[in-house]
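Here, residue 1 is the first one in the sequence, and each next residue gets the next number. Remember, it's 1-based here, ligands and their atoms both numbered in the order they're listed.
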Amino acid sequence: MDRRNKPSALAATKAAPPQARVDLVGDRVTAVLPTTGESVEVLLTGATVLSWKGLKNDTLAERLWLSDGAILDGTKPVRGGIPVVFPVFGQSPADVATAKLPQHGLARTSRWDFLGKSESEGSGSPGSSVTLDFGLSAASANPALSALWPFDFTLLYRVTLEPGSLRTSIVITNAGDKAFDFHVLLHTYLKVDDITSTTVSGLGETEYSDKVEGFKTKTQAAGDIAFTGETDRVYKPAKGAEQAITVSSAGAPVYGVTRDNLADVVVWNPWSEKVHSVGDFAPKEGYRNMLCIEPGSVSSWQTLEPNEAFEGAQLLTLL
Ligand code: TA6
């Protein structure tokens, strides 16, 4: 029957936008963007990002370097990915509160809590961004270590995956009644094709402390940094966190690293000799395929008064 006033078809309810898939399996949290298949995996030990598979030019590939010898059972800091360094970078002098902590502090060997995910539409289509939140406090940190640094703190670490980029941010809050000094650093191991054809721009003419030469203060030559040997430097860019950094391979830009409130940048590659003294670094030839670009606030102590907070972030972008 042809009904003249046949009601139009019921407007089909708009399908919900595809949501990012987030799974917590054991002590690992994974998130996958349905739009691109990009993914991130975070180990609760240290809230260490173990893997970031990013998409560029139709190539979905791992963008972080992770040692084949990485200890992932919580007994050791992870060799690779993005370890979180707090409250001290490196080894402390004997006269400071962090003196008894191991190198790079207690955050990277504590078991963080997964606080959940938040889905924002980000800059792209719905479901094209996901944020994973992780928390640590003095009460939940490795007790053997928090006993060595008796201050009350909370950390909120946010890992945001978007098409072509990964952002990690940290909020440090003094939850106690006494001020404390700290360093913080995101110890990012970027995967590179070949360190000998890798260059870094954005740090030319910047002052740095050269750990390879007894922390001697030097100034980087103008232009790009190339790598020909062990490199272990704390750069203090004149423009602080404003100074963007680009990592290139054979002259082609690969990674953009931008920072919020993390004024310093550590650049590290152990090279062919030192790598043999890093037990969990495997394969040893792997030094050719990694470069640490580590945004942080480490060249001087930050002080947090009770109830004060500090926030810093890095944004890694595929170029
Ligand atoms: O970030 C550079 C650095 O301080 C190097 O001196 C080297 O020690 C590297 O960190 C790795 O430190 P880790 O304690 O993880 O072996």
field: side chain to side chain donor-acceptor pair (under 3.5 Å) pairs, two or more places apart, involving residues 262-271
entry: Asp264-Ser299
Over 12 non-hydrogen atoms of neighbours within 6.0 angstrom of NZ in Lys274: no
message: Applying ring pair (Phe, Tyr, Trp, His ring centres under 6.0 Å), can you list everything that pairs with Tyr235, at least two apart in sequence or on another chain?
response: Tyr208
- prompt: Relative to each other, are the rings of Trp149 and Phe86 parallel, tilted or perpendicular (30° and 60° limits)?
  reply: perpendicular
Report, one line per pair, each donor and acceptor closer than 3.5 Å where one atom sits in a side chain of residues 309-318; sequence neighbours left out.
unit_1: Gln314; atom_1: OE1; unit_2: Thr188; atom_2: OG1; d: 3.0
unit_1: Gln314; atom_1: NE2; unit_2: Thr168; atom_2: OG1; d: 3.1
unit_1: Gln314; atom_1: NE2; unit_2: Thr188; atom_2: OG1; d: 3.0

Proximal protein residues to ligand 1, non-hydrogen atoms under 4.0 angstrom: Arg79, Phe89, Gln103, His104, Arg108, His187, Lys211, Asp232, Val266, Trp268, Glu294
task: Say whether Thr59 and Asn57, considering side chains only, have a donor N or O and an acceptor N or O under 3.5 Å apart.
output: no
